[in-house]
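For the numbers below, each heavy atom of this structure counts, side chains included, while hydrogens, waters and symmetry mates do not. All chains are named by letter (A, B, ...) in the order of the sequence lines, taking the proteins before the strands, and each is independently numbered beginning at 1.
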Amino acid sequence: MKEYQTITEVSGPLVYVETDEPIGYDEIVEIETPSGEVKRGQVLETAEDYVAIQVFEGTEGVGRDASVRFLGETLKLPVTEDLLGRVLDGSGNPIDGGPDIVPDERRSIVGAAINPTAREYPEEFIQTGISAIDGMNTLVRGQKLPIFSASGLPHSELALQIARQASVPEDVADEGEETEFAVVFAGMGITQEEANEFMDDFERTGALERSVVFLNLADDPAVERTVTPRMALTTAEYLAFEKGYHVLTVLTDMTNYCEALREIGAAREEVPGRRGYPGYMYTDLAQLYERAGRLQGEDGSVTQIPILTMPGDDDTHPIPDLTGYITEGQIMLGRELNSQGVEPPIDVLPSLSRLMDDGIGEGVTRADHSGVSDQLFASYAEGKDLRDLVNIVGREALDERDNKVLDFAEAFEEEFVDQGFHTDRDIEDTLDIAWDVLSILPKSELSRIDEEFIEEYYLGEEPDTADDAEEAEA
Amino acid sequence: MSQTDTATDTGEIASVSGPVVTATGLNAQMNDVVYVGDEGLMGEVIEIEGETTTIQVYEETSGISPGQPVENTGEPLTVDLGPGVLDTIYDGVQRPLDVLEDEMGAFLDRGVDSPGIDLEASWDFSPTVSAGDVVEPGDVVGTVPETVSIEHKVLVPPDFEGGEVVEVNEGEHTVTEPIVVLDNGEEVTMHQEWPVRQARPSAEKFTPTEPLVTGQRVQDGLFPIAKGGTAAIPGPFGSGKTVTQQQLAKWSDADIVVYIGCGERGNEMTEVIEDFPNLTDPKSGNPLMARTTLIANTSNMPVAARESCIYTGITIAEFYRDMGYDVALMADSTSRWAEAMREISSRLEEMPGEGGYPAYLAARLAQFYERAGRFETLRGEEGSVSVVGAVSPPGGDFSEPVTQNTLRIVKCFWALDADLAESRHFPSINWTESYSLYKDQLDPWFEDNVAPDWPEERQWAVDVLDEEDELQEIVQLVGRDALPDDQRLTLDVARYIREAFLQQDAFHDVDTFSPPEKTYEILTAIHTYNDEAFAALEAGAPIEEITSIDAAPRLNRIATQEEYEAYVEELEEEITEQLQALY
């Protein structure tokens, strides 16, 4: 292995080195500073006589006298089933004081794309025990469903609640299936306090034993954040497709990851795209988010819950915007609901699960699920619109039907959404509560639900008399 | 081809930066296909500057280093055309995904090349010419049963000279064996190659007059597209672009469907791959895949292949058009394609235009959509390519460059609306913003084939919806109760148009496909309610009683009835009866 002492330029996270042999793109580099500290980096650009390197641990202490070694391979992560229960830093080194990792295999962290013909379409319902998700934005195994949050909102609590409660109802799981459940957690640029919150909860609930934790904290080098999620996903893929685990991968906070991308782009003096983020951010994010799914003939699955905080609560900001175009829906948290004390403050209207339709219904959840969900969406949307009107004309100016829609919207938030972070509801409970609140509305308003289900589940008063009065104002 | 072979040469990699590689020592021409590095990764020449040739590589470039060889094929990026294209799923450079899976397993590795059609497979050729006939480029020399639905016509390639047939080989042949030989020595095989960035020639382009019937009420009913037309579906994420596109691919009455998943989600493509073989073509009763080609270049596949997949798709579409078929091409999403252009352009350090997109964005979009149309083929038959492009405007902002440049070209605009999607009004096509410039030229067809008063019924619906739109502004200020009775009734009627007519459940077995006759019936049923209700109002019946008759909400159930004719007839009678009983 050749060693160079030919650094020509150090600029932000980047180091330029003159070389006299061909260096491979994406290759891993070790840089040793005169003080003996070894930093790792990756080749970003390679030409005949020089290479550009991004240094993960930051370029502090690197000068023209530092020596550079090219390792001749791309970044690899040692993986083994024994990673379960371990806590690693953002570059994959153990920080829990445990024994060294004896790898089963070393895997390139740049995941290859899954051939769409080899995928299995995700349709296995995951019960999170959260009504707003199970009932209206159902998560299925192999899905990537991000949480769109904003500063000051309890996205960590929600992610923890999902990690704690996520299960597949027994009568739904395939018979004889003994697939285990694991959590891979990647923290990118999160504060020590947030990290503690996760770790404490993992330890308290015993979840740590079946978890692998990668932590890049807020004061760790920003560039390292670009490899942390790749390490986490490489681990997740290994556990899912080699060892047959159902892996839930939580990536938080993707906003910090994107900031790191922007930092590198700026240091390379690239032509910036929207808001200064690199033009290739869509491709880059896709390479992370698309590493979720199921494979034909494999037991395991990778389900992804990336968390991102929307700068300025703005869902048109490039980070949530590009994410939304790649992921299969989103769970949106609402500031207004949060200030009302609704736990979890999930704003269902802009939330969406694209894979819901195949994961619910007869034999999986319940036959009325799809209609009930559509009806909740439609009626709640109308109720929210009416609230705007009430602000102008007052509630008295509304007719009886509109008043019932308003009552419904209120009950929906209080009964259905606001369940608390520690309540675990099964899907039957969720749908029953949905019928409780829907029964505030007259039968004739439930146009999204098949008549047979209205007959079976509707709890409201005698329809005939109610009907006439309500329809009058429709 | 023998000429180009001599131009084949080898160079050396000078630098690597993501998908962009430069090489020296190549004597290449623009858009030549090259094989890069020891692993032979496929790439395309995109810039030549002095000794330096810049290449976009269609595969992941990790580990590739300067000094490795670059081999030039001397040919532009081509697609393999012939029997076997249908019922196949390709990546962006026309490699069959099932072949790739066999060779590399579930994860896409690199350096594997594969022809677009199986060159070994043999097909049963039935000639339609015999020795002594004179054939010209574009003429049919025979047919091959490609799938249960589609008879593949073997054409004399457009770049042949043509001449007298001297030899005809009937029966089982592979696609590379000559099946017809001409007197000038030209050998016609079932296999053709065509450069993707070059439109296939045709004799003439006409104005389209026939609709592409989509089975979707809002599209057929209000904003129809022609066979050979162009349409754009812009919408923010979550507004239902992909479902709308897939509905068109499933139910439109085209002969052939080319579906391009450009930068799509992997799971969504898998859904298409799993769904289509199990779905039945409403026209022929055969599996949908028998008339479909899928191009699946998911968002995490290499960006350069995303740039090329649009061209791969449209070239395949043109090939079937030349056989005289009506082809519908769905591109989901053209924004991802534009972004791929932007990404490569920025790696080339080109001067960015609006929104960071390259200055040639508008020209590329126009070139692509211009390859759509209703054509007279070289041999005088008619064929068409209809193009429906999804657009994903960042932040749902329609003023961004891709949407704006697309709107300058396409004649049909189906604007998806996030608010409608949030209240689960699907398809969430906004009826005030959308338009179709094909309406007038398609009306005669609807009058002749569906109902003579089709245009009038449509205009009535549009008028009611427009009026509702205006009234809603007042309602927002003063509440519904403050409106006069006739306007309240209009709002009631408009609600039925929205709920019973415009909304359509893509996941409901019956509702997913609504033939034009049913679309018309639903609209006339609402119109009947409208007329009877206004008659009752004029006769003095109270508005509360009119709008609360229990037959009216059943309008919303017509869509899900299989035997809708009887249902509508009975319903119209009941509505009339109940309303007339009020006065």
Part of [X] lying under 4.5 Å from any heavy atom of chain B:
X: A:K384; answer: neither
X: A:L285; answer: neither
X: A:Y289; answer: neither
X: A:I114; answer: both
X: A:P278; answer: neither
X: A:S370; answer: neither
X: A:E48; answer: both

* Asked: Looking at residues at least two apart in the chain, or sitting in another chain, which of them share a salt bridge (charged side-chain N to carboxylate O under 4.0 Å, His left out) with B:R336?
  ->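 In terms of salt bridge (charged side-chain N to carboxylate O under 4.0 Å, His left out), with neighbours along the sequence ignored, B:R336 is linked to B:E339.
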Residue [X] versus chain A: region with a heavy atom under 4.5 Å:
X: B:P96; value: neither
X: B:V478; value: backbone
X: B:R557; value: side chain
X: B:P352; value: side chain
X: B:T298; value: side chain

* To do: Please report the shortest heavy-atom distance between A:L389 and B:V475, naming the atom on each side.
  =>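 Here A:L389 and B:V475 meet closest at CD1-O, 3.3 Å.
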* What pair of heavy atoms forms the shortest contact from B:R424 to A:F377, and how long is it? ->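 Of all heavy-atom pairs spanning B:R424 and A:F377, the closest is NH2-CZ, 2.8 Å.
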Is there side-chain contact between [X] and [Y], with heavy atoms separated by less than 4.5 Å?
X: A:R401; Y: B:R480; answer: yes
X: A:R354; Y: B:N267; answer: no
X: A:R268; Y: B:S17; answer: yes
X: A:R119; Y: B:M269; answer: no
X: B:M301; Y: A:P116; answer: yes
X: A:L295; Y: B:F107; answer: yes

* Name the option with the most non-hydrogen atom pairs under 4.5 Å to chain A; the candidates are B:E349, B:E264, B:R306. =>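 Most heavy-atom pairs under 4.5 Å with chain A: B:R306.
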* Asked: For the candidates B:A14, B:P302, B:G356, which exhibits the highest count of non-hydrogen atom pairs separated by less than 4.5 Å from chain A?
  ->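 Heavy-atom pair counts peak at B:A14.
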If you count heavy-atom pairs within less than 4.5 Å of chain B, which of [options] leads?
options: A:I326, A:T74, A:V348; value: A:I326
options: A:G297, A:S108, A:P22, A:P272; value: A:P22
options: A:D26, A:D284, A:T46; value: A:T46
options: A:Y25, A:Y282, A:F241; value: A:Y25

* Count the heavy atoms belonging to other residues, nucleotides or ligands that lie under 6.0 Å from CD of A:Q296, then report whether that count exceeds 12. =>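 For A:Q296, atom CD is crowded (more than 12 foreign heavy atoms under 6.0 Å).
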